[in-house]
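Read the numbers this way: they start at 1 and go in the same order the structure lists the ligands and their atoms.
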Amino acid sequence: MGFLNKDDTKLTDTSKVIETLTNEINELRSLNARLSSILDFSMDMICTVDEAGVFISVSEASYHILGYKPHELIGRLQSDFTYHEDIERTQHARQMVSQGLKLTNFENRYVHKNGNIVPLVWSSRWVPEEKLRYGIARNATEKIRAEESLKASEKKYKDLFENNPAPMIIWDFKTFDIVDCNKEALIKYGYDREEFLQLNIRDITPVDDLQLIEDFSFNEQEVGMKHKKTWRHLKKNGNEIIVDITGHLIQYNGRRCVIGMLNDVTEKVILQESLEKQRLALVVSNKELEQFAYIASHDLQEPLRMVTGFVSLLMKKYSDKLDDTAKSYINYAVDGADRMRVLISDLLEYSRAGIKEDQIIAIDLNDMVNDLFSLYKNQIDHNTIKIETEHLPVINGHRAPIRQVFQNLISNAIKYRRSDIPALIQIRCEEEVNCWNFSISDNGIGISREYHEKIFVIFQRLHSKHEYSGTGIGLAMTKKILESLGGKIWLTSTLNEGSTFFFTIPK
Ligand code: ADP
């Protein structure tokens with residue numbers, strides 16, 4: 001019994017072991033099944049290959065990547081599917097793996113079932129206990145495409161930078177080291193590439209301007225935004241150039257940099273400076289001329305008064321002793337001196353025109369114009385002069401010169417009227433953004449085109465003083481006043497039909 005019992009125990013133990021083993025095997029199987037279904041989920045192709053290079057197991061991804069179901073690959077040589085140009089290289093890599101090398105990122109190409117070439121990236125290792133090579137292959141088509149398009153776009157930008165007709169420099173935002181530049185920049189500064197890329201922006205900046213760099217870079221916000229600034233720079237030969245730099249912050253090779261596009265404005269600035277010098281010289285010489293005209297006309301008045309006075313005295317005291325010829329000579333002398341007096345006082349007035357002695361005040365132009373027309377009240381009442389005036393604005397300015405402008409133009413419109421029809425004078429005003437645009441038109445004798453500029457020159461007249469009185473100073477003075485106010489004057493006119501004088505007064 002004891003034996004039997006013993007055997008019974010043995011039997012029970014063995015069946016327990018078998019049961020346990022069966023359970024474990026089943027568990028392992030289900031684990032294996034779960035594992036292979038997980039592997040089949042992978043987008044990468046996971047496979048094992050034996051020493052001879054034959055596929056032993058392949059995950060489902062083979063279908064997506066190569067167009068072959070796993071069973072179409074299992075049992076066949078890997079090299080059957082490798083693109084012929086890559087077979088030798090791949091075999092060499094396999095040998096290395098068999099010798100224990102863990103391979104990662106090995107790239108080769110397989111041939112898809114449809115004949116297309118598929119780039120793959122492999123990770124692979126040899127498991128000696130199983131005498132199998134485990135491999136994971138990833139389809140690299142997208143990666144390669146992305147890399148290529150990145151390369152293409154990098155090349156495009158590099159080309160745009162390199163071949164840009166404007167000089168371009170990239171420098172480190174903090175250190176000011178020059179990190180890159182294009183061909184034009186090298187030509188502009190006269191350095192070769194190696195030399196230039198050794199430099200710092202400070203090296204091409206005149207000593208006097210170094211502080212400007214520090215001040216500018218301090219203001220990060222200004223630099224960060226697209227900015228434009230003018231700098232003085234030095235070329236390799238020491239010559240100074242003036243450049244407008246349009247720049248903004250970029251990330252370049254992992255550094256915060258400023259990319260700047262340069263515009264050499266040296267010549268423009270030199271030209272501007274010389275124009276400004278000329279302008280200042282003109283202002284000075286104009287002032288001197290005005291002063292000269294003023295002093296001359298002022299000082300000439302006194303001797304002229306003496307001449308007129310003594311000639312008149314001569315006439316008064318000795319007229320009974322003089323014959324008619326002598327008297328007529330004296331009359332000519334008086335007349336000449338008189339004309340000279342008018343000219344001198346006109347010249348004096350002209351030299352003073354535009355000098356704004358009075359205060360800026362609000363001027364109601366309606367009142368001013370009505371006041372001027374009151375001088376012609378008689379003719380207006382008798383319908384020899386007709387006036388049409390739009391409602392005029394109230395403007396801010398110097399009263400005296402503005403009144404002078406209106407007076408000169410209105411009196412001319414009346415003076416140069418046609419004798420056969422009543423004079424019609426129209427005054428209009430249009431408001432513009434920066435100025436008032438006035439026009440004074442008449443239906444008078446008109447001015448032929450060739451004289452439209454000449455009439456603004458001092459003492460230039462189109463008529464003798466017997467036809468129309470005057471000295472030819474009115475329009476010259478009007479022009480001078482308007483220009484000194486920052487305005488301008490021009491006209492349109494047709495002979496025998498009338499004229500319109502336009503002028504602007506800045507607001
Ligand atoms: P003045 O009237 O003293 O001659 P201005 O300088 O005012 O001097 O005018 C210059 C010339 O322009 C005048 O001699 C005249 O021939 C011409 N002119 C000016 N205004 C008019 C006008 N409204 N119609 C025709 N001619 C004009």
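- Remark: R341 engages D338 in a salt bridge, criterion side-chain N to carboxylate O under 4.0 Å.
- At least one side-chain heavy atom of M477 sits less than 4.5 Å from a side-chain heavy atom of I481.
- Not one N or O on the side chain of N366 forms a donor-acceptor pair closer than 3.5 Å with the backbone of H391.
- With hydrogens and angles ignored, the 3.5 Å screen pairs no side-chain donor or acceptor of D44 with any backbone N or O of R138.
- For a heavy-atom separation below 4.0 Å, the residues in contact with ligand 1 are N412, A413, K415, Y416, D442, I445, G446, I447, I455, Q460, R461, L462, H463, G470, T471, G472, I473, G474, L475, S499, F501.
- Under the 3.5 Å distance criterion, the side-chain polar atoms of S493 are matched with a main-chain donor or acceptor of G498.
- A donor-acceptor contact shorter than 3.5 Å is absent between the side chain of D172 and the backbone of D177.
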